[in-house]
Amino acid sequence: MRKTSSSLVESQPMEIEITRELPPVELPPVTFDHIRDRLRTSLKSVTESNEKHKMEYEKVNQAYEASQTSLEKNTIDYPQMEKAYQFYQQCRAYVYSFLECYNEKMMTLKNLEERWLQLYKQRTDMIITRRQEDVKDQCMEYSTVKAAALVNGTLTTNDFRTALDQKRQRRATEREARRLRRRKDREQTTNQHFDGMSTDDEENQSDISSFLTQKQEILNEAEHVLDDVSDEFSQYRNIKTIFEQWKYEQNDTYTDAYIEICLPKVFSPLIRKETIDWKPFETPCRAIEDHQWYQDLLFYGTKDGRNENEDFQFVPLIIEKVIIPKLTIIIENIYDPLSLKQTTNLVKIIENIFQTYPTMTDDSKNVKTLLKSIVDRLQRSLDDDIYIPLYPKEIIALGSSRISSNNSAIIATEFFFRQYWTCVKLLGNITLWSQVLSLKTILDLSIDGLLNRYILLALKQMDLTSNEMITRCLVLAKCFPIKQWFDNNKTILNNQLNDTTLPALENFCLFLKQLTQEYSTLIFSANDKDKKMYKENIRQIRVIFVHLHALDHALELTNEYEIK
């Protein structure tokens, strides 16, 4: 057997060097103070560690006790929490169902509102357009240019009438027929009336029938729009009950969810359905307080006759969010400022809202929009509806004469006075808004926009010495609610004006003084009967000054003419 080479190698001893550090020959000196310090340090460390462990133990113990208390409380409150959870689930399901229902119905309701609005707007537009066309026709028929030519002698005939085409002639015939019917209706009353102050809003029977048919269709559809909706979602009281229950049982979450702010939007579809045919511009007008929504929601959130939170503002909030926007739309599209009936009814409704609910201020966006719509509508009427043909004084005098044989002058003068009284009527309608609009706005519209711009110019074209002039001035002066203006602006007006009238009315006062001078001149050459009449006219002018709060002018008149 052959031996391997590895077995032939002999093992060699291993050499490993091991180094070891020997202890020092001399140890550092150990003193008692050193040992004491070491022990104190060790004790301090152990004490701090022990305190830390104690604190951790206290925290764990407190957490344990809190957990136990919470567990016990939750065990006790579990039925109530379960009930609250179920209530919230019911509310959630109700709100989702409510939204789903009215998201579908609102399109129908909006369509019905728009159809109703367009129906009334078309009627208003027809009446206003017809009135404006009548004025244009009469202005063309009895031109101020031809009247001036007659006075200057450049017209070859005494008849300055312009022949109308067949279309305008038909309108003239219809206009006179309507005017005659209104005159016959007025014969049954004893109220003083001036031609031009009535509203020409008569419609023919076919238009009335068509209007009523379309309106009834809209109301029938509105009546049945919620027929497929359960009472739970279509009755004020049922909806109110759901949210009142939330308020009474879970007031904290009710407040956190700002439910009182959302409620007007919740009830808005039902209120809008109920008020589709609400006509605040007509007589009789249904008061806000007579509506079903008002009666059902007035005492929302009241329990045992008490309510200590903001829900007292619920009805004003509904009026601001739902009723005010409807009024704005009506004024923009349906209201005719030349209608005394419409103006009186709208002013009454809006004044009642502002006086009953003091929260209705121009700080509200909707209220501010409403006020702007009123001003814009009045201004539009000033721009579009007002026109007085300024015929020469000779034509007015000729047409006013009872013995005049000039038919053109007579008819032109009648047209002139109708337009004058239309201006006075609009002036009175504008000042009816004095409790709603600011004094500055009323003065700008009524005095700057009408009195100084149109009415005074027309008065100066008339015979100043006629018996009717004082009547015209008295009626004009009564259009200005001076006492109301001073009462509502005591601080400003009383301090600034004292015994003088408003600066804007000074032009009217100057005209009255001019009228007084005319009467005083005539007194010297008049007979006893006329003297007595002229003195009475001067006395009436003093009455007008007192009404206008122009006490300085009244005193001057008293001293100069020794009026008692």
Would you mind checking if [Y] and [X] are paired as a salt bridge, meaning a charged N to carboxylate O distance below 4.0 Å?
{"X": "K440", "Y": "D444", "answer": "yes"}
{"X": "R175", "Y": "D200", "answer": "no"}
{"X": "R168", "Y": "D137", "answer": "yes"}
{"X": "R380", "Y": "D376", "answer": "no"}
{"X": "R171", "Y": "D165", "answer": "no"}
{"X": "K368", "Y": "D362", "answer": "no"}
{"X": "R453", "Y": "D448", "answer": "no"}
{"X": "R182", "Y": "E202", "answer": "no"}

Gap between atom [atom2] of [Y] and atom [atom1] of [X] - 0.5 Å precision:
{"X": "I430", "Y": "L382", "atom1": "CD1", "atom2": "CG", "result": "4.5 Å"}
{"X": "I324", "Y": "I353", "atom1": "CD1", "atom2": "CD1", "result": "4.5 Å"}
{"X": "F511", "Y": "C473", "atom1": "CZ", "atom2": "SG", "result": "5.0 Å"}
{"X": "L451", "Y": "Y454", "atom1": "CG", "atom2": "OH", "result": "13.0 Å"}
{"X": "L427", "Y": "I455", "atom1": "CG", "atom2": "CD1", "result": "4.5 Å"}
{"X": "F416", "Y": "I388", "atom1": "CZ", "atom2": "CD1", "result": "6.5 Å"}

Can you see which heavy atom on [X] is nearest to which on [Y], and at what distance?
{"X": "S234", "Y": "L270", "value": "O-CD2, 3.7 Å"}
{"X": "R472", "Y": "S466", "value": "NH1-OG, 3.7 Å"}
{"X": "E223", "Y": "D227", "value": "O-OD1, 3.8 Å"}

request  = Answer yes or no: does atom NZ of K215 have more than 12 heavy-atom neighbours from other residues, nucleotides or ligands under 6.0 Å?
outcome  =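 For K215, atom NZ is crowded (more than 12 foreign heavy atoms under 6.0 Å).
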query = Take atom CD in Q89; do more than 12 heavy atoms of anything else shown fall under 6.0 Å from it?
reply =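 More than 12 heavy atoms, drawn from other residues, nucleotides or ligands, come within 6.0 Å of this atom.
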Side-chain ([X]) to main-chain ([Y]) donor-acceptor, under 3.5 angstrom:
{"X": "Y391", "Y": "Y142", "value": "yes"}
{"X": "N111", "Y": "M107", "value": "no"}
{"X": "T431", "Y": "G428", "value": "yes"}
{"X": "T173", "Y": "Q169", "value": "yes"}
{"X": "E274", "Y": "Q292", "value": "yes"}
{"X": "T124", "Y": "I334", "value": "yes"}
{"X": "Q461", "Y": "L390", "value": "no"}
{"X": "T422", "Y": "G196", "value": "yes"}
{"X": "Q216", "Y": "L212", "value": "no"}
{"X": "N429", "Y": "P337", "value": "yes"}

Is it the case that [X] and [Y] place a side-chain donor and acceptor less than 3.5 Å from each other?
{"X": "K326", "Y": "T275", "result": "no"}
{"X": "E114", "Y": "Q118", "result": "yes"}
{"X": "S210", "Y": "Q214", "result": "yes"}
{"X": "Y88", "Y": "T253", "result": "yes"}
{"X": "D385", "Y": "S381", "result": "yes"}
{"X": "S438", "Y": "T441", "result": "yes"}
{"X": "Y335", "Y": "T343", "result": "yes"}
{"X": "T162", "Y": "E141", "result": "no"}
{"X": "K247", "Y": "Y300", "result": "no"}
{"X": "K425", "Y": "T199", "result": "yes"}
{"X": "Q379", "Y": "D383", "result": "yes"}

Is any side-chain heavy atom of [X] less than 4.5 Å from a side-chain heavy atom of [Y]?
{"X": "L346", "Y": "I349", "result": "no"}
{"X": "Y102", "Y": "S268", "result": "no"}
{"X": "V322", "Y": "W293", "result": "no"}
{"X": "V95", "Y": "V266", "result": "no"}

message = Please determine whether salt bridge (Lys or Arg N to Asp or Glu O under 4.0 Å) holds for the pair D228 and K105, giving the CA-CA distance in whole Å, both sets of side-chain angles, and the decisive distance to 0.1 Å.
response = CA-CA 10 Å; D228 58 342; K105 295 297 181 182; 2.8 Å; yes
ask   = Can a cation-pi geometry be assigned to K240 and W246, taking NZ or CZ under 6.0 Å from the six-membered ring centre and within 45° of the ring axis?
value =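 Ring-cation test returns no.
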task = Using the salt bridge (Lys or Arg N to Asp or Glu O under 4.0 Å) rule, take D185 and R181 through it: C-alpha gap first, then chi angles, then the decisive distance, then the call.
result = CA-CA 6 Å; D185 291 339; R181 286 191 288 271; over 6 Å; no
Give every donor-acceptor pair under 3.5 Å between a side-chain atom in residues 279-288 and any protein atom, sequence neighbours left out.
unit_1 : atom_1 : unit_2 : atom_2 : d
K279   : NZ     : D277   : O      : 3.2
K279   : NZ     : D277   : OD2    : 3.2
E282   : OE2    : R123   : NH2    : 3.3
T283   : OG1    : N345   : OD1    : 3.2
T283   : OG1    : N345   : ND2    : 2.7
R286   : NH2    : D290   : O      : 3.1

ask   = Does F415 have any ring pair (Phe, Tyr, Trp, His ring centres under 6.0 Å) partners at least two apart in sequence or in another chain, and if so, which?
value =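 F415 satisfies ring pair (Phe, Tyr, Trp, His ring centres under 6.0 Å) with no other residue.
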ask   = Strictly under 6.0 Å, is that where the ring centroids of Y120 and F211 end up?
value =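 Between Y120 and F211, the centre distance is under 6.0 Å.
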message = As a quick check of understanding, evaluate side chain to side chain contact (heavy atoms under 4.5 Å, CB included) for T361 and V367, giving each step before the final call.
response = CA-CA 7 Å; T361 65; V367 172; over 6 Å; no
key: Steps toward side chain to side chain donor-acceptor pair (under 3.5 Å) verdict (E332, S373)   = CA-CA 6 Å; E332 289 175 344; S373 71; 4.9 Å; no
key: Parallel, tilted or perpendicular: rings of F233 and F98 (30°, 60°)   =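 F98 and F233: tilted rings.
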query = Can you name the side-chain hydrogen bond (donor to acceptor under 3.5 Å, both in side chains) partners of R272, sequence neighbours left out?
reply =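 Only E113 meet the side-chain hydrogen bond (donor to acceptor under 3.5 Å, both in side chains) criterion with R272.
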inquiry  = For R237 and D231: C-alpha separation, side-chain torsions, deciding distance, then whether salt bridge (Lys or Arg N to Asp or Glu O under 4.0 Å) applies.
reply    = CA-CA 9 Å; R237 294 182 183 276; D231 291 348; over 6 Å; no
ask   = Yes or no on salt bridge (Lys or Arg N to Asp or Glu O under 4.0 Å) for K184 and E187, after CA distance, side-chain angles and deciding distance?
value = CA-CA 5 Å; K184 287 183 177 180; E187 289 175 356; over 6 Å; no
